[in-house]
2 protein chains.
Amino acid sequence: MPGKPADLFDPECPSRDVLELVGSKWSMLLLCTLKNGPVRTGELRRAVTGISQKMLTQTLRDLERNGIIDRIDHAEVPPRVEYKLTKVGHSLSRLMKQMEHWIVDHYDYIVASQGRYKPHHDHTEDQMSA
Amino acid sequence: MPGKPADLFDPECPSRDVLELVGSKWSMLLLCTLKNGPVRTGELRRAVTGISQKMLTQTLRDLERNGIIDRIDHAEVPPRVEYKLTKVGHSLSRLMKQMEHWIVDHYDYIVASQGRYKPHHDHTEDQMSA
DNA sequence: CAGGATCCGACCCGATACTG
DNA sequence: CAGTATCGGGTCGGATCCTG
């Protein structure tokens with residue numbers, strides 16, 4: 001029996017936490033990296049450049065806890081651990097890939113927009129500047 | 001002439017900022033709300049329950065600065081300001097809607113996963129628990 | 001190699017008070 | 001109604017050190 005449906009517009013609804021998880025920078029990059037099959041921890045760290053040890057593990061745990069990725073401990077020595085998308089993780093990963101593409105596709109436009117931007121708070125009539 | 005292409009996997013690339021913007025909770029909710037046409041500031045605040053005055057304005061400015069929404073000041077008194085998606089804002093909004101749907105669709109599964117989750121750090125052989 | 005634990009600065013963000 | 005400014009706590013997240 002499903003609980004009450006998720007409502008992102010209800011501040012009390014825990015689905016907001018899910019929103020923050022999947023919206024996080026590191027989640028997005030990790031999910032994109034995992035798109036093509038299991039990846040070892042070290043590879044992840046190298047792929048997602050700039051992520052710290054701490055955020056790597058923490059984000060992986062969060063994703064795992066939410067059923068988005070699976071952790072595979074090969075129980076070898078030296079340690080060898082892989083992470084892979086679950087079934088629903090794959091569907092999310094597709095969305096993340098779309099996000100990535102959207103950003104890449106519109107990046108030039110966005111940078112141009114930033115250049116054009118003028119803070120508006122200025123109601124002054126500049127009718128005759130000549 | 002377009003600059004160097006965006007690379008989200010380069011920590012130096014400013015496109016990471018874009019990622020954080022569009023990934024933010026409030027951006028997502030605001031963009032979803034704006035999907036059907038111009039909305040007044042007050043309506044936005046009421047629609048995106050729980051957002052503070054500060055975060056509302058701040059996020060709107062960020063989205064505007066990046067060319068994702070347009071601000072329409074009707075220059076009336078009392079003040080009447082509307083926000084609407086730009087053309088590229090619409091394409092982003094569609095992605096946000098997909099994200100929203102994904103969360104709603106998989107919410108039960110996610111909650112169930114959280115219930116199932118067992119912290120693993122436990123390498124102990126529990127061979128014979130009987 | 002994988003990852004837990006701790007310290008600590010930076011910033012995020014909410015609350016509040018104020019302007020036009 | 002729309003928006004700015006300021007203050008302060010809480011959290012995020014990086015750096016570091018340590019274990020198996």
Side-chain angles (χ1 to χ4, degrees), chain A residues 11-12 16-17 19-21 23-30 33-34 38-65 69-84 117-125, chain B residues 11-12 16-17 19-21 23-30 33-34 38-65 69-84 117-125:
Chain A
E12 305 299 322
R16 284 243 173 130
D17 297 341
L19 180 59
E20 301 219 53
L21 171 63
S24 96
K25 176 173 61 176
W26 299 131
S27 290
M28 295 200 180
L29 294 174
L30 285 173
T33 305
L34 288 169
V39 181
R40 289 191 58 174
T41 312
E43 297 181 61
L44 283 175
R45 179 140 33 87
R46 261 169 280 115
V48 182
T49 326
I51 194 172
S52 69
Q53 229 279 9
K54 180 181 178 177
M55 289 314 292
L56 177 62
T57 311
Q58 181 174 309
T59 309
L60 287 172
R61 287 299 165 276
D62 284 342
L63 293 172
E64 188 192 359
R65 229 172 60 79
I69 63 175
D70 279 332
R71 189 187 118 111
I72 308 163
D73 187 340
H74 293 268
E76 301 174 356
V77 39
R80 184 166 141 255
V81 174
E82 289 183 315
Y83 293 92
K84 63 183 279 283
Y117 181 75
K118 305 249 193 309
H120 37 253
H121 101 295
D122 204 351
H123 260 216
T124 53
E125 339 273 318
Chain B
E12 304 299 322
R16 284 241 173 132
D17 298 340
L19 180 59
E20 302 219 55
L21 172 62
S24 95
K25 176 173 61 175
W26 300 130
S27 290
M28 295 199 180
L29 294 175
L30 286 173
T33 305
L34 288 169
V39 182
R40 288 191 60 173
T41 313
E43 297 180 62
L44 283 175
R45 179 141 32 86
R46 261 170 279 116
V48 182
T49 327
I51 195 171
S52 68
Q53 163 80 17
K54 180 181 178 180
M55 288 315 291
L56 177 61
T57 311
Q58 181 174 310
T59 309
L60 288 172
R61 287 299 164 276
D62 284 342
L63 293 171
E64 188 193 359
R65 228 173 59 80
I69 64 175
D70 279 333
R71 189 187 119 112
I72 307 164
D73 187 341
H74 292 268
E76 301 174 355
V77 39
R80 184 165 141 255
V81 174
E82 289 184 315
Y83 292 91
K84 64 182 279 282
Y117 181 75
K118 305 251 193 308
H120 38 254
H121 100 296
D122 203 351
H123 261 214
T124 53
E125 339 272 318

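Here is how names work: the chains are called A, B, and so on, in the same order as the sequence lines, proteins then strands, and each is numbered from 1.
Atom CD in Q58(B) sits about 13 Å away from atom C1' in dG3(D), given to the nearest Å. In this structure, CG of D62(B) is placed 15 Å from C1' of dG3(D), rounded to the nearest angstrom. Put simply, CZ on R45(B) is 14 Å from C1' on dA15(C), counting in whole angstrom units. Here the P atom of nucleotide dC1(D) and the CG atom of L56(B) are 13 Å apart, to the nearest Å. Rounded to an integer number of Å, the gap from R61(A) CZ to dC12(D) P is 18 Å. Note: CD (E43(B)) to C1' (dC1(D)) measures 12 Å, nearest angstrom. Taking atom CG on L44(B) and atom P on dA2(D), their separation rounds to 9 Å, with Å as the unit. Residue D17(A) contributes atom CG, which lies 11 Å from atom P of dC12(D) at whole-angstrom precision.
Heavy-atom distances to DNA chain C give each of E20(A) and T41(A) a nearest nucleotide, and the one nearer the 5′ end belongs to T41(A).
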Take nucleotides 14-20 of chain D nucleotide by nucleotide from the 5' end and write B, S or -, depending on whether a protein heavy atom sits under 4.0 Å from the base, only from the sugar-phosphate, or from neither. BB----B
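Q53(B) pairs by the side-chain contact (heavy atoms from CB on, under 4.5 Å) definition with R45(B), T57(B), not counting sequence neighbours. Listed by chain and number, the residues in a side-chain contact (heavy atoms from CB on, under 4.5 Å) with V39(B) are L34(B), E43(B), L44(B) (sequence neighbours excluded). For S27(B), the side-chain hydrogen bond (donor to acceptor under 3.5 Å, both in side chains) test picks out S24(B), with sequence neighbours left out. With sequence neighbours left out, the side-chain hydrogen bond (donor to acceptor under 3.5 Å, both in side chains) criterion links R61(A) to Y83(A), H120(B). In this structure R80(B) satisfies the side-chain contact (heavy atoms from CB on, under 4.5 Å) test together with R40(B), H74(B), E76(B), E82(B), sequence neighbours excluded.
Note that the CD atom of Q58(A) and the CG atom of L63(A) stand 10.5 Å from one another [nearest 0.5 Å].
One finds no side-chain N or O of R80(A) lying less than 4.0 angstrom from the OP1 or OP2 phosphate oxygen of dA2(C).
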